[in-house]
Amino acid sequence: MRTRFAPSPTGSLHIGNLRSALFSWLFARHHGGQFILRVEDTDQKRYDPTAFATLVEALRWTGLDWDEGPDIGGPHGPYVQSERLEHYQKWGHWLVENSHAYRCYCTENRLEQVNKEKIARKEAPGYDRHCRNLSADERAQQDAAGLPYVIRFKMPLEGQTVVPDAIRGDVVFENNLMQDAVLLKSDGFPTYHLAVIVDDHLMEISHVTRSNEWLPSAPLHVLLYHAFGWEMPVWVHLPLLLNPDGKGKMSKRKPPRDRHGNLIPVMVHDYMRAGYLPEALTNFLANTGWNFGDDREVFTMAEAVERFDLPRLNPANSAYTQEKLDWLNGEHIRALPVEELARRLRKPLEDAGLTVEESRLQQVAPLVQIRLKKLNDVVDMAGFFFHTEFVPPALEDLVQKKMDAASTRNMLVAAYPVLEALDNFSPANQLEAMDALTGVLGVSRSQLFGGLRVAVTGQAVSTPTFETMEILGKAESLRRIQMAIQLLDSSAA
RNA sequence: GGCCCCAUCGUCUAGCGGUCUAGGAUGUUGCCCUUUCAAGGCAAAGACACGGGUUCGAGUCCCGUUGGGGCUACCA
């Protein structure tokens with residue numbers, strides 16, 4: 001079995017395309033087959049020289065691997081369509097010579113004109129097949145004049161074409177409703193329709209996996225295989241990933257928003273920057289439109305490879321669920337070995353402008369592991385650990401529930417010498433001492449521990465009190481508590 | 001408009017004629033735990049789009065309606 005992913009390089013990787021790629025990859029890997037990467041860059045108007053490197057970066061990040069491709073070569077190369085023009089030209093002209101296609105000399109103006117007239121007459125728009133009906137003389141005349149032309153397919157005027165689809169069965173199309181599609185453009189480049197058939201055949205693709213937006217043009221592709229006399233691959237039209245509201249496919253041109261109005265990332269690089277784990281993203285994507293079985297939602301791609309197959313693919317399109325991705329991301333963060341989490345936390349912290357000391361990072365990682373939904377959340381939660389200068393808390397955060405500045409101050413003043421007297425500054429020891437102090441002072445754990453926590457972290461939401469103080473060290477913790485006391489003093493005055 | 005695809009809780013899904021007073025997850029709400037935030041535990045609300053058939057029996061099969069999506073380029 002051989003499947004392929006054939007994106008057109010327009011920048012990063014669209015999440016909907018990643019989902020298609022993922023299904024193709026899982027399918028091939030499950031059956032012990034090969035997965036091929038091919039670049040479909042036949043649209044010269046959209047050419048972007050940096051796009052390919054970005055695409056590969058995104059794809060590598062997701063963990064998908066390919067056996068043949070533009071960057072690694074292979075026996076069926078080249079894997080970039082713009083480098084395969086001779087194939088398309090050869091086979092395009094072969095179709096003309098064997099009367100499956102014809103040269104069309106119509107200008108864009110005429111095409112527009114024909115459409116306008118058809119629409120005015122309330123007919124379906126489309127090419128009127130003017131050049132299909134040229135006499136031999138007329139044809140010779142146009143050729144002699146050296147006019148630019150495109151090659152169009154001679155769609156059968158009657159009958160039906162059946163597309164056998166692996167997940168929805170036979171889909172039947174009426175031939176007379178279909179266009180004489182352009183196969184080879186006037187610039188000598190192929191359209192998708194010609195290129196995909198030639199390449200999939202030459203590259204020996206056994207299963208064509210692609211999103212179901214291609215289903216309407218699949219009969220043309222079937223007919224092309226017939227015309228060439230090539231063996232047809234198995235067609236697998238995958239469901240589409242829709243916007244969170246289920247209206248329209250995910251698109252980077254009109255980026256969707258969640259119900260809080262925040263933009264939802266569409267490109268893989270946006271997910272990388274937002275602090276998502278590749279294993280969470282792929283888990284999420286595999287889990288929408290396909291299911292693992294056994295009611296399991298959290299799984300690795302290695303586990304998915306073992307089980308993946310077409311029968312459990314849902315033929316319906318599905319809406320993107322941000323909440324579920326965020327939950328899965330948290331699950332995968334918690335599943336990481338803590339040293340690995342530490343390693344991945346470095347980048348978001350550094351990107352936030354912080355200087356990250358390795359030993360400190362190792363200490364902080366276990367404290368944030370169960371608290372993070374995204375890696376980037378570490379900046380707000382524990383960024384204070386890496387500040388060169390301590391930023392004291394806001395007064396209103398420092399004053400505890402049902403207390404005022406004076407009573408909060410007195411509480412911290414009482415805690416200070418007790419903490420100072422501790423030889424062993426372990427969290428357990430601190431807890432024991434502070435717990436005892438709550439009884440003496442007549443305050444709750446929440447008030448005392450919370451007051452200390454805000455004092456040493458500088459923020460209302462943070463890592464837990466005693467573990468934090470242990471990392472900060474006794475001296476630094478006491479210094480910060482002292483600062484808090486002064487802050488409360490000045491407010492009382 | 002035409003053609004094609006699709007249709008179970010808000011969302012992702014299980015269900016492949018009787019085991020369905022429809023299961024899981026997420027999200028929401030409540031309670032518990034608790035040192036903030038999380039995580040964890042428990043609980044609640046929440047769906048077979050509608051109408052016809054077929055059948056002893058339909059969420060499951062067929063048809064229609066409705067709804068949603070896709071395509072309708074010398075873009076992919």
Side-chain angles (χ1 to χ4, degrees), chain A residues 6-8 10 17 40-46 104 106 108 111 115 119 122-127 148-152 163 165 168 171-174 177-179 181-187 189-193 195-196 210-219 237 239-240 242 244-249 259 284 287-298 311-312 314-328 330 334 368-373 377 380-381 397 400 431 434-435 444-454 457 459-466:
Chain A
S8 48
T10 53
N17 286 144
E40 307 211 330
D41 59 342
T42 57
D43 187 359
Q44 288 298 285
K45 294 180 200 110
R46 288 207 279 179
C104 170
C106 294
E108 266 181 69
L111 262 26
N115 262 337
I119 289 164
K122 295 198 169 152
E123 287 173 26
Y127 182 53
Y149 61 86
V150 301
I151 289 180
R152 283 181 186 274
V163 178
D165 183 80
R168 41 203 109 225
V171 183
V172 182
F173 295 84
E174 295 292 333
L177 264 13
M178 293 187 286
Q179 301 283 311
V182 173
L183 301 177
L184 204 60
K185 309 177 207 176
S186 55
D187 63 2
F189 275 68
T191 61
Y192 171 84
H193 307 296
V196 75
R210 53 169 23 170
S211 67
N212 72 17
E213 60 197 328
W214 290 108
L215 195 48
S217 56
H237 288 95
L240 241 33
L242 267 25
D245 60 3
K247 308 254 182 233
K249 53 178 176 177
R259 63 201 153 88
F284 165 70
N287 209 19
T288 105
W290 181 76
N291 73 89
F292 191 81
D294 302 339
D295 287 335
R296 259 189 78 186
E297 310 241 0
V298 184
R312 267 211 305 281
N314 188 342
N317 298 337
S318 32
Y320 173 96
T321 319
Q322 179 81 41
E323 298 88 351
K324 205 138 189 180
L325 205 214
D326 286 352
W327 166 72
L328 275 169
R334 274 167 254 142
V368 296
Q369 186 154 28
I370 60 168
R371 293 166 223 278
L372 300 180
K373 267 197 155 56
D377 295 342
D380 286 339
M381 174 69 63
D397 289 336
Q400 293 299 292
L431 172 65
M434 289 300 102
D435 205 16
S444 70
R445 285 177 149 217
S446 171
Q447 290 170 321
L448 208 212
F449 300 0
L452 288 169
R453 194 175 48 73
V454 175
T457 65
Q459 53 195 54
V461 174
S462 71
T463 48
T465 311
F466 304 124

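Chain letters run A, B, ... following the sequence lines, proteins first and then strands; every chain starts at 1. As the structure is a prediction and not an experimental result, all values here were calculated from the model.
B:rU28 and B:rU34 are spaced 23 Å apart, taking the P atom of each and rounding to whole Å. Annotation: B:rA47 and B:rG15 have their C1' atoms spaced 13 Å apart (nearest Å). Of the C1' atoms belonging to B:rC50 and B:rU66, the separation is 7 Å, rounded to the nearest Å. Comparing the same atom, C1', in B:rC9 and in B:rA44 gives a spacing of 14 Å after rounding to whole Å. B:rA25 and B:rC61: their P atoms are spaced 26 Å apart (whole Å). Of the P atoms belonging to B:rU11 and B:rC16, the separation is 23 Å, rounded to the nearest Å. The separation of B:rC75 from B:rU65, taken at their P atoms, amounts to 36 Å, rounded to a whole angstrom. Comparing B:rU26 with B:rU21, their C1' atoms are spaced 25 Å from each other, to the whole Å.
For the pair A:Arg334 CZ and B:rG40 C1', the interatomic distance rounds to 10 Å; values are reported in whole Å. The nearest whole Å value for the distance from the CG atom in A:Leu111 to the P atom in B:rC74 is 6 Å. One can place NZ of A:Lys324 at 9 Å from C1' of B:rG27, the figure rounded to the nearest angstrom. The interatomic distance linking A:Glu323 (CD) with B:rA25 (P) rounds to 16 Å, in whole Å.
Nucleotide B:rG40 is matched to B:rC32 when pairs are restricted to Watson-Crick or G-U wobble geometry with both distances under 3.5 angstrom. Nucleotide B:rA7 has B:rU66 as its partner under the Watson-Crick or G-U criteria, with both atom distances under 3.5 Å.
Among the protein residues, A:Phe466 comes within range of the nucleic acid bases, having at least one heavy atom under 4.0 Å from a base atom. A:Lys122 comes within 4.0 angstrom of nothing in the nucleic acid, heavy atoms only. In this structure, A:Met381 reaches the bases: a heavy-atom distance under 4.0 Å links it to at least one base atom across the strands shown.
Taking the nucleotide of RNA chain B with the nearest heavy atom to each of A:Cys104 and A:Ala460, the more 5' of the two is matched to A:Ala460.
Figure legend: A:Arg445 and A:Phe449 shown without cation-pi pairing, the cationic atom not lying both under 6.0 angstrom from the six-membered ring centre and within 45 degrees of its axis.
Judged by distance alone with a 3.5 Å cut-off, a donor-acceptor contact links the side chain of A:Ser186 to the base of B:rC74. The base of B:rU36 has none of its N or O atoms less than 3.5 Å from a complementary donor or acceptor on the side chain of A:Arg445. In terms of polar N and O atoms assigned as donor or acceptor, the side chain of A:Glu213 never comes within less than 3.5 Å of the base of B:rG69 in a complementary pairing.
In this structure, the side chain of A:Asn314 engages the main chain of A:Ala316 through a donor-acceptor pair within 3.5 Å.
Side chain to side chain, A:Glu213 and A:Ser211 meet the donor-acceptor criterion of an N or O pair below 3.5 Å.
Shortest non-hydrogen contact noted between A:Ser446 and A:Gln400 is O-OE1, 3.5 Å.
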